Amino acid sequence: MEALPTVETARKLGLLPEEFEQICQILGRTPNFTELSIYSVMWSEHCSYKNSIVWLKTLPKDSPKMLAKAGEENAGIVDLGDGLACAFKIESHNHPSAVEPYQGAATGVGGINRDIFTMGARPIAQLNSLRFGNLNTDRTKWLVKGVVKGIGDYGNAFGVPTVGGEVYFDDCYEINPLVNAFSAGILKTDKIARAISYGAGNPVFIVGSATGKDGIHGATFASEDISEKSTEKLPAVQVGDPFQEKLLLEATLEIIETGCVIGIQDMGAAGIICSTSEMSAKGKHGMNVWLDRVPTRQPNMKPFEILLSESQERMLVVVEKGKEDIIQRIFDKWDLHCVQIGEVIEGERLYFYMNGELVADVPAESLVLGGEAPQYHREYREPAYYQEYKKFDINSVPDIVPEQIGEVGRFLIAHPNICSRRWIYEQYDRMVGTANVGSVTPSDAAVVNVKGTDKNIVITVDCNGRYVKADPETGCAIAVAESARNVVCSGGEPVAITNNLNFGNPYVPEVYWQFVGSIKGMKKACERFGTPVTGGNVSFYNQSTPKSGDGGVDYAVFPTPTIGMLGILEGWQNRMTLHFKQAGDLIYLIGEAKNDIASSEYLYSFRGVKASPAPAFDLETEYHLQQAVAAVIKAKLVQSAHDVSDGGLWTALTESALHGKLGYDIKVPVNSGIRLDAYLFGESQSRVVVSVSPDKAAAFEAMLTAHNTPFSKLGNVRADGKLNVNGATVLTVGEARELYEGTLPKYLN
Amino acid sequence: MKFGVVVFPGSNCDDDMIFALRDVLGQPAVKLWHKSHDLEGCDFIVLPGGFSYGDYLRSGAIARFSPIMNEVIAHAQKGGYVMGICNGFQILTESGLLPGALLRNTNRQYICKNVYLKPVTADSLLTRGLDVHKAYQIPIAHGEGRYYAPHHLLDEIKDNDQILFKYCDQSGAVTEEANPNGAVENIAGICNARRNVFGMMPHPERACHPMLGNTDGYELLASIIIEKVLL
């Protein structure tokens, strides 16, 4: 008989003394080591959202299009009409990727796709949002290469196209890179599979890969009983097998189609214990589970190891009693394990047995979010830097003279945060599925056809963490606004978001202040755009040196609440692209220029001024701008549309010129009260560059006037590839291409 | 012509090929499961792209031993048509139905991009409808697509006019810069000496519909089914 664990064991497993006390009360006794391990993972931040849920609940969740709301299922489901729906979600794999970038990123891709197909949806497109440190360091190069190869190898073999994404470099991500993976899938509304368990006597199956010791949180499992000699052998990072995932995808969709499935959930974080407890709690039933029946990769695995293993490519399935053979035949066809490991019982307790011995007995409800898992109101405090940043005065930085436009322009289009991502995306299969409408010509957001219909999903991931650090509320509202702008500029209508909240240590009040501000900004923006939050993921502890008190915030990554937005577009022919089409077309700026360089790449990287507030942004202005842009696109009055974001107007114009190898002539207004650097390189929000054929110009201007939307004519598209500002050639499009395309290969080849 | 698209467990371009053949070209097309021994009366067998059995060993090395491949090989030996795209091409070289081998790309990375192809001969089912002076834009997506054949074999392939496509630039010039993966002599696709088995790394089915922004691949696939040889 092993000795019962103590509060000290609990502490080593990452539980607080009061949480240990609570567990003893729930059970009416002291938990054994297996049970304590169960609570430690289920009450971890990752599973319970204990430090974020009270704020997440304030986010808007509802719209007429929502079929499954945040927290109800593995991912949100949005109605596409005609009996079809889209399930989509974003999830982080930051910590594993920091240790082992290849497997960390690969299993991140695997995990998010399982969340989608466990609902009965076939994934049709993936995105990713990546953050790394300084591209000059060997560590960053190693991380970038490993992460990109991991995403590529997994996604390419799995057979779902990676159609877009973002990558951003800053020293703050040096120790803690961020790897956020997004997937979207299509399902029939009458075939939505649920993560639920009910019906006493129904069999419980584990399907897919065998269970190994991978992914058990090695570091937290040091205890008196489980000594160093075992913990040392526990790899903390899971290993991915995209071939198994592909088989699991096909088999899962086939069994859901039969109608014999009561409930199904993928095994991600916390493995068997997470899926058994969440499904049981939702269905108000219990389970008997025989752990010795679980197929394992190695002999003599301990009960807690089998329960907590995060081996990839596995699912838990509850099947209608009597229909076992139907399910078994499908898994045989795909050569996958399908083993009954338990049965549903009345009552809401989970009983885990090993070779006939009861090794854990816990109430399901006590483990899960929404049940008895703890929820905390954390302390937060405005950090000192916030007011400092606000003191920034544009006059403390000299304006550029016209002769400097080329120098700054070259610097920006070659900057790692702005330059071409070709080195990355050419390693991703972007075309499998033959539904990516934008693989030849680019748009601000990816547009993917729902095969066999006129419907298209329009998807993007966006966040500028520098803006969010400068002002969490405004910065996060900008992230939502920019993703909506990208959808609108591609011809789509924004409908919902998923979020990936990447922050530092929530126990540092200044970090938590960043989190709270971000949620407030996201709430406002999502309410304005009518885009509810369908779910997502919280990743805290992206922090190198967890120091308490003042200064702790300096060791955290930029607060990075990545927004993954879903839009809808009827008719792929109605997609809008971002590149100039025709010499002689007129170039317009929709929206207003501002005398603002705050938090721009120009100010931060070229001028080296790190302390400034978020760029100018007004939510109402942004909303009306997007309505106007949507209207002129719908009326077929524009040839191209590209939003002004990182790198400002110059970058937007130059990117618009690059694809078609065309040039432009633009004039900067004189005596407008706007500095030259602010006009060309500032990142004030709510602006879009469009090109318009001359015969449509009058109708275009009339429509914007009717919308009360400010606009200005910048110039026109040139055939000869010269990029001219105020009559002087700054660059040729060929030179711009070399700079734009040259940066990542220079660092990474 | 009835088409059969073989589905290995890790195939992921099978639906795309069915879409191209059935929905775009309007041809009868069925899926053939890898564990089956029945070609279901198909005239033209397609081995689609993907990762047949995971391809952790060497692309196509295991697929050649699958049950359906016995029938595919017999079909080819009887003169029946077989075409392999990407992973399908790798399986055809592994099973000896096509000469040569497909090695790791020279940059050791997976490459997905639009490239240009120049038809080298019009004397094949796959190229008979094409203009040998034109560059066709067709995407590639592979990690092991560097075609290789030793000298003597390469001479034989050339003597028999077995090269179907070479990588070229937009103007049709076959240059080193236009070679995405290091393939010997820019070779992107070949046929066997009997001219009934075809293999190519690029994916024509990914360029067969206006929605995809590219219809050059349509011309390749349509070449298979045109009634008269357009020469």
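No experiment lies behind these values; they were computed from the predicted model shown. First the proteins, then the strands, lettered A, B, ... as listed; each starts at 1. Computed over heavy atoms, backbone and side chain alike; hydrogens, waters and symmetry mates excluded.
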- Verdict with reasoning, A:Lys333 to A:Glu254, per salt bridge (Lys or Arg N to Asp or Glu O under 4.0 Å): CA-CA 11 Å; A:Lys333 171 186 169 189; A:Glu254 272 188 40; 2.9 Å; yes
- Give the C-alpha distance, both sets of side-chain angles, the deciding distance and a yes or no for side-chain hydrogen bond (donor to acceptor under 3.5 Å, both in side chains) between A:Ser183 and A:Asn113. CA-CA 6 Å; A:Ser183 179; A:Asn113 279 299; 2.7 Å; yes
- Note on the structure: Taking a cut-off of under 4.5 angstrom between non-hydrogen atoms, the residues of residues 6-17 of chain B near chain A are B:Pro9, B:Gly10, B:Ser11, B:Asn12, B:Cys13, B:Asp16
- Query: What residue, out of B:Pro139, B:Gly143, B:Gly54, has the most heavy-atom pairs lying under 4.5 Å from chain A?
  - Reply: B:Gly54
- Query: Between B:Arg206 and B:Asp216, does at least one N-O distance fall below 4.0 Å, as a salt bridge requires?
  - Reply: no
- Task: Select one option (side chain, backbone, both, neither) describing which atoms of B:Tyr56 are under 4.5 Å from chain A's heavy atoms.
- Result: side chain
- Message: If you apply the rule side-chain hydrogen bond (donor to acceptor under 3.5 Å, both in side chains), what do you find for B:Asp169 with B:Ser171, and how did you get there?
- Response: CA-CA 5 Å; B:Asp169 65 17; B:Ser171 71; 2.7 Å; yes
- Query: Who passes side-chain hydrogen bond (donor to acceptor under 3.5 Å, both in side chains) against B:Tyr110, sequence neighbours left out?
  - Reply: A:Asp429
- Apply side-chain hydrogen bond (donor to acceptor under 3.5 Å, both in side chains) to B:Tyr81 and B:His75, showing your working. CA-CA 8 Å; B:Tyr81 293 118; B:His75 176 76; over 6 Å; no
- Are the side chain of A:Arg737 and the backbone N or O of A:Leu658 linked by a donor-acceptor pair below 3.5 Å? yes
- Item | Portion of A:Thr441 that has a non-hydrogen atom of chain B nearer than 4.5 angstrom | neither
- Measure distances from A:Asn456 to the heavy atoms of chain B and classify the residue's part below 4.5 Å as side chain, backbone, both or neither. neither
Do any side-chain atoms of residues 64-73 of chain B form donor-acceptor pairs under 3.5 angstrom with protein atoms, and if so which ones, sequence neighbours left out?
{"unit_1": "B:Arg64", "atom_1": "NE", "unit_2": "B:Glu94", "atom_2": "O", "d": "3.3"}
{"unit_1": "B:Ser66", "atom_1": "OG", "unit_2": "B:Ala63", "atom_2": "O", "d": "3.0"}
{"unit_1": "B:Glu71", "atom_1": "OE2", "unit_2": "B:His37", "atom_2": "ND1", "d": "2.8"}

- Query: Which one, A:Asn749, A:Asn449, A:Val432, leads in non-hydrogen pairs under 4.5 Å with chain B?
  - Reply: A:Val432
- Checked A:Asn436, A:Asp241, A:Asp153 vs chain B; the most non-hydrogen pairs under 4.5 Å come from A:Asp241
- Note on the structure: If one checks every heavy atom of B:His142 against chain A at 4.5 Å, the contacting part turns out to be neither
Which atom pairs, donor and acceptor, lie under 3.5 Å between side-chain atoms of residues 18-29 of chain B and protein residues at least two apart or in another chain?
{"unit_1": "B:Arg22", "atom_1": "NE", "unit_2": "B:Ala29", "atom_2": "O", "d": "3.3"}
{"unit_1": "B:Arg22", "atom_1": "NH2", "unit_2": "B:Ala29", "atom_2": "O", "d": "2.6"}
{"unit_1": "B:Gln27", "atom_1": "NE2", "unit_2": "B:Leu25", "atom_2": "O", "d": "3.3"}

